[in-house]
Structure formats: structure tokens, C-alpha cells
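Worksheet: the structure to be examined is printed underneath.
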2 protein chains.
Amino acid sequence: MFHMLDIAILGLLMDRDHHGYEIRTQVRDRLAVSSNISFGSIYPALNRLERQGFVAAVVANEPRGNALSTGSLSGERASLRALRATQGLGRRSRKVYRITPRGREEFVSLLADPATLDDSRNFSLRMALAKYLTPSLRVTLLERRRTDLMKRLAEMQTGARNEQLDTYARSVMAHAAKGVELDLEWIDTLLSTERSNQQTFAPEAK
Amino acid sequence: MFHMLDIAILGLLMDRDHHGYEIRTQVRDRLAVSSNISFGSIYPALNRLERQGFVAAVVANEPRGNALSTGSLSGERASLRALRATQGLGRRSRKVYRITPRGREEFVSLLADPATLDDSRNFSLRMALAKYLTPSLRVTLLERRRTDLMKRLAEMQTGARNEQLDTYARSVMAHAAKGVELDLEWIDTLLSTERSNQQTFAPEAK
DNA sequence: GAAACATCATATCAAATCGATATATCGAAC
DNA sequence: GTTCGATATATCGATTTGATATGATGTTTC
């Protein structure tokens, strides 16, 4: 229903065209997903999205006159590679995908979806794409996440105090609890930023 | 090959017998896995493990004279439920699984496996079961994880400084980096504990 | 006291995802 | 000069997920 990979792919395509292999690296480098998603996920997902009319294959191995280069820049000797890439030379032929108008609609509705509470991976992905959300939707999402985390924190802290567990299991619990605390601090920072921005543009009080 | 769910199930069964539903709750409460694994994973996994001879179904709805109760104790009014459970009454009939000698062998070899670097979820699971590892294997595992995290930290920090990213994406990156830092602190604490223990029992220096 | 709802418990299905592998080109290293 | 690593797409089987079915029993509420 709410496939996170779809959100990631569409989110990246909102910005500019990408081919499959590039999406894989970008998910890691721009969307902060710690493990590379597998090719067995990415290519079927692109086919699915194409079938549904949310993306369209633009060209294979396009000559690309636009100066957007190939992606993972910030490389030391990226200039040479970029030169080749702009000429469409080298490598196996690429299948470049572009998001369709319907895809853009689908993306924002997926991103804002009111369903399912998300785990930390999903939530991070959503936040990495939060610029496409309205301020009020951002706040809603953040508050929902905050509630989930508060509940989870209590569970973890209880677990960390469970004397039936051995040292290692308790240590894992305690560490997990600290992770949740860190998440909560982050959420609160983001929430206060959202609120001060809201106040700037739409002053309610006074 | 190195199915994490198998490790979790066998790890729980090392301690005592469990039925499927109970394993699900225990993975959360004792092994600190934050989201409940689905039934579509747990029951097929148990069948698979049974087929391979690593676990055996002991009884369905056993009268259970042992006082081990039903699991998630620490409940407020657990006494009543425990009473019923000890009598084998109530609920749909349970299929209780027990680990076999071959299963125990498989478990330790899976837990100690030298292959695949694990993500944070996998690593936490391993650590929650670390009491079944030898001290030197624990140190090996911890050091390997430490190396991975150092690498990951550098990537995240680079990402957080990437000015091509918008505020939200950068914030996610920075937060992820903090998470990795927290993980590293934890690893280092565990490592120093391991080393001081090692010194206590097998003094090398002097 | 019965109707409604939550919890316990196993099971199965389609769809999604993963890990591995195949294939091929190119640049770099040795 | 050839092995290695990165780029690039594709597919396969096995695993995992999310949803749903089924049913018993315990708890709450009117």
C-alpha cells in the first residue's frame, strides 16, 4: 500500500531524472538510508511505477545536454568522469526515468499519508523529503512520531530494568532506549523550528 | 544463508521452550527488536527449522507442570492468568517448540558467523544473545562492528555538510550521524568491559 | 447477562524485498 | 596485460511483510 521504496524513488525524481543504479546510490547519499537497497528491489519497482504511469523511461543512454552531471559528485577527480558522462559515453546504456504529473500527485499523497505509523527508517525517509510537505503536515507527522517514540521509550526502559535478562540483553535494551531518547530530542528540535517558522509567517497571538 | 529470524528463534529456545506467538512477543521484549515480526515470518520459519531438524514440536497445549508461566509477566493481575496457564486451560491450542542438540550447534555457529557485516538491527540481535558467545568472539564481533561504524560515520558527516541538500535532508543526515556516534560509544563501553574481564581471568601482562 | 471488544493463537496468501548471480563496459592499479 | 573495482541492467529463488481468516477466551460496558 504505502511502499517506502516508491516514496524514495518518486521523491528523488521530483528533483531531476535518474536511472536505476543512480537511484540506489542517491537513496543512500541523499535520503540517509544506511544500507543500499538491492537491485532486486529497485528495477522491479521502477517497472511497477512505469506500469502505473507514475514514471516514464525518457531515454536509454541520453546525450544529456543539461549540466546536471551524474550524481555522486563531491568526488576528487569527478571532472573527468563528469566530462565522459555529459557526452553519454562509457558504461552500459542507462535507462533514465522521469516522473509524470500523475507521479507527482501520487508522491505527495504517499508522503503525507495518514495511515500506518512508521518505524525509524520510514520516518527518516519521510523527513528527508519533508520539503515537499506543507508546514502543517510536517507538524502532524512530527507529533505522531513523537507519541510513538514516547511509548516505545517507556517499553525499552522497562526492558532495560528487567532483572530476568542477562547483562548483554539489558545493555542492548538500555542502548536502544538511548537511541529513542536521541530521536525524541531531534523531533523536538524540528518541532520547535516548525513552530517558530509558523509564527513568523502567520502570527496568531496578540 | 544467515537468517536473522533463525538466530532469534533458536536464541530464545536456548533458554526454554516457546510457542510461535510467544516468540513474537519475546523477540520484542527480550531481544529489543523494535517492531513485531509478522506471523507470516514466524510460522513458516518454525516449520523450516523443524524440517531442518533444529527444533521439534514438543506438544500442542501441554499441561505444563513447570512454573515458567506464559511469558510477558510483570503484569499487574498476572496471577489469575498464570493460574489458568499452568492448568493448560484457555486459548487456542499451542504448538510448543524445543531446540534439538543439532539446533544448539547451528545456533552458536550462526551467532558467531564470520560472514556478512550486519546492520544495526542484526548487530543488536547478536549482542542481545552475546552470552552464548565466547569472550574472544564477542571482541571480534565488536571490533568488526566498530570498523563499519567508523566508516559509516564519516559518510554521514560528509552528507550532513552537503550544501546541495535542503535543510530537512541535511537534518536527517546529521541526526543519523549522531545515532552512529551513540552506537560507537556503546561499542567502546562494551569493548572495554570485555577487555577488563579478559584481564581478570587471563592476566597476560607482567 | 449478553453484546462488544481486546487478547491469545495458528495459519495462509499475494506482493514486495533481499541476496546472489549473470552479463557487460570501463578505468585504474599492479 | 590482466586483474580489480565501479558502473549499469536484469532476473531468480527464498524470505519477509501486511492483510486477512478463523476461532477461543478474557474483559468491559450497558
Side-chain angles (χ1 to χ4, degrees), chain A residues 1-9 18-27 33 35-49 51-52 57 60-61 70-72 75-78 80-85 87-97 115-119 121-122, chain B residues 1-6 8-9 18-25 27 33 35-49 51-52 57 60-61 70-72 75-78 80-85 87-97 115-119 121-122:
Chain A
M1 208 74 83
F2 28 80
H3 316 300
M4 272 308 162
L5 184 50
D6 290 0
I7 297 186
I9 293 174
H18 289 280
H19 58 270
Y21 189 90
E22 198 183 27
I23 284 170
R24 197 171 102 116
T25 58
Q26 295 275 302
V27 165
V33 174
S35 58
N36 276 329
I37 46 175
S38 89
F39 295 125
S41 301
I42 190 81
Y43 292 112
L46 281 168
N47 287 331
R48 198 198 319 140
L49 289 170
R51 219 169 43 236
Q52 294 170 305
N61 209 4
T70 328
S72 67
E76 302 72 45
R77 58 215 175 283
L80 282 165
R81 272 193 285 151
L83 195 82
R84 290 218 167 261
Q87 290 168 357
L89 298 173
R91 310 282 162 354
R92 188 185 229 206
S93 71
R94 294 167 182 157
K95 213 161 157 186
V96 178
Y97 289 92
T116 47
L117 31 125
D118 28 30
D119 61 24
R121 202 161 159 243
N122 289 2
Chain B
M1 209 74 82
F2 29 80
H3 315 301
M4 272 308 162
L5 184 50
D6 290 0
I9 293 174
H18 289 280
H19 58 270
Y21 189 90
E22 197 183 26
I23 284 171
R24 197 172 101 118
T25 57
V27 164
V33 174
S35 58
N36 275 329
I37 47 174
S38 87
F39 294 126
S41 302
I42 189 81
Y43 292 113
L46 281 168
N47 287 331
R48 199 197 317 138
L49 290 169
R51 218 168 44 236
Q52 294 171 306
N61 208 6
T70 329
S72 68
E76 300 73 43
R77 58 216 173 285
L80 283 164
R81 273 194 284 151
L83 195 83
R84 291 216 168 263
Q87 290 169 356
L89 298 173
R91 310 279 163 352
R92 189 184 229 206
S93 71
R94 294 166 181 156
K95 214 161 157 187
V96 178
Y97 289 92
T116 47
L117 31 125
D118 28 30
D119 61 22
R121 202 161 160 246
N122 288 2

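Lettering follows sequence order; numbering is per chain, from 1.
A cation-pi arrangement is found for Arg24(B) relative to Phe39(B), the charged atom lying closer than 6.0 Å to the ring centre and inside a 45° cone about the ring normal.
One interatomic measurement links the two molecules: CG of Asn47(A) to C1' of dA16(C), which rounds to 14 Å at whole-angstrom precision. A straight line from OH of Tyr43(B) to P of dC13(C) spans 16 Å, rounded to a whole angstrom. The distance between atom CZ of Arg24(A) and atom C1' of dA8(D), rounded to the nearest whole Å, is 11 Å. In this structure, Arg51(B) places its CZ atom 11 Å from C1' of dA14(D), rounding to the nearest Å. At whole-Å resolution of the value, NE2 in His19(A) and P in dT7(D) are 9 Å apart. To the nearest angstrom, P of dA11(C) lies 15 Å from CZ of Arg48(B). Separating the CD1 atom of Ile23(B) from the P atom of dT16(D) is a distance of 14 Å, rounded to the nearest angstrom. Spacing between atom CD of Glu22(A) and atom P of dA6(D) amounts to 17 Å, rounded to whole angstrom units.
Considering CE of Met4(B) and CD1 of Ile37(B), their distance stands at 13.0 Å, rounded to 0.5 Å. From Asn36(B), atom CG reaches atom OG of Ser41(B) across 11.0 Å, with rounding to the nearest 0.5 Å. Separating the CG atom in Asp6(B) from the CG atom in Leu49(B) is a distance of 4.5 Å, to the nearest 0.5 Å.
Summarising the local packing, CZ of Arg121(B) is surrounded by 12 or fewer heavy atoms from other residues, nucleotides or ligands at distances under 6.0 Å.
Taking the nucleotide of DNA chain D with the nearest heavy atom to each of Ser35(B) and Gly40(A), the more 5' of the two is matched to Gly40(A). In this structure, Ala45(B) and Phe39(B) both approach DNA chain D, and ranking their closest nucleotides by distance from the 5' end singles out Ala45(B).
In this structure, the helix from dG1(C)-dC30(D) to dC30(C)-dG1(D) shows an angle of 40° between the axis at its start and the axis at its end, each fitted on 5 base pairs and rounded to 10°.
Of the side-chain N and O atoms in His3(B), none sit less than 4.0 angstrom from OP1 or OP2 of dA14(D). Note on Ser38(A): every side-chain N or O is 4.0 Å or more away from OP1 and OP2 of dT17(C).
Side-chain contact check for Glu22(B) versus Val96(B): every heavy-atom pair is 4.5 Å or farther apart. The shortest distance between side-chain heavy atoms of Leu46(A) and Ile23(A) falls below 4.5 Å.
Within 4.0 Å (heavy atoms only), Gly20(A) reaches sugar-phosphate atoms of the nucleic acid but no base atom.
Looking at the side chain of Pro44(A), the nearest of the listed nucleotides dT17(D), dA19(D), dT11(D) is dT11(D). The side chain of Ser41(B) lies closest to dT16(D), out of dA9(C), dT9(D), dT16(D). Side-chain proximity of Tyr21(A) to the nucleotides dT12(C), dT7(D), dT17(C) is greatest for dT7(D).
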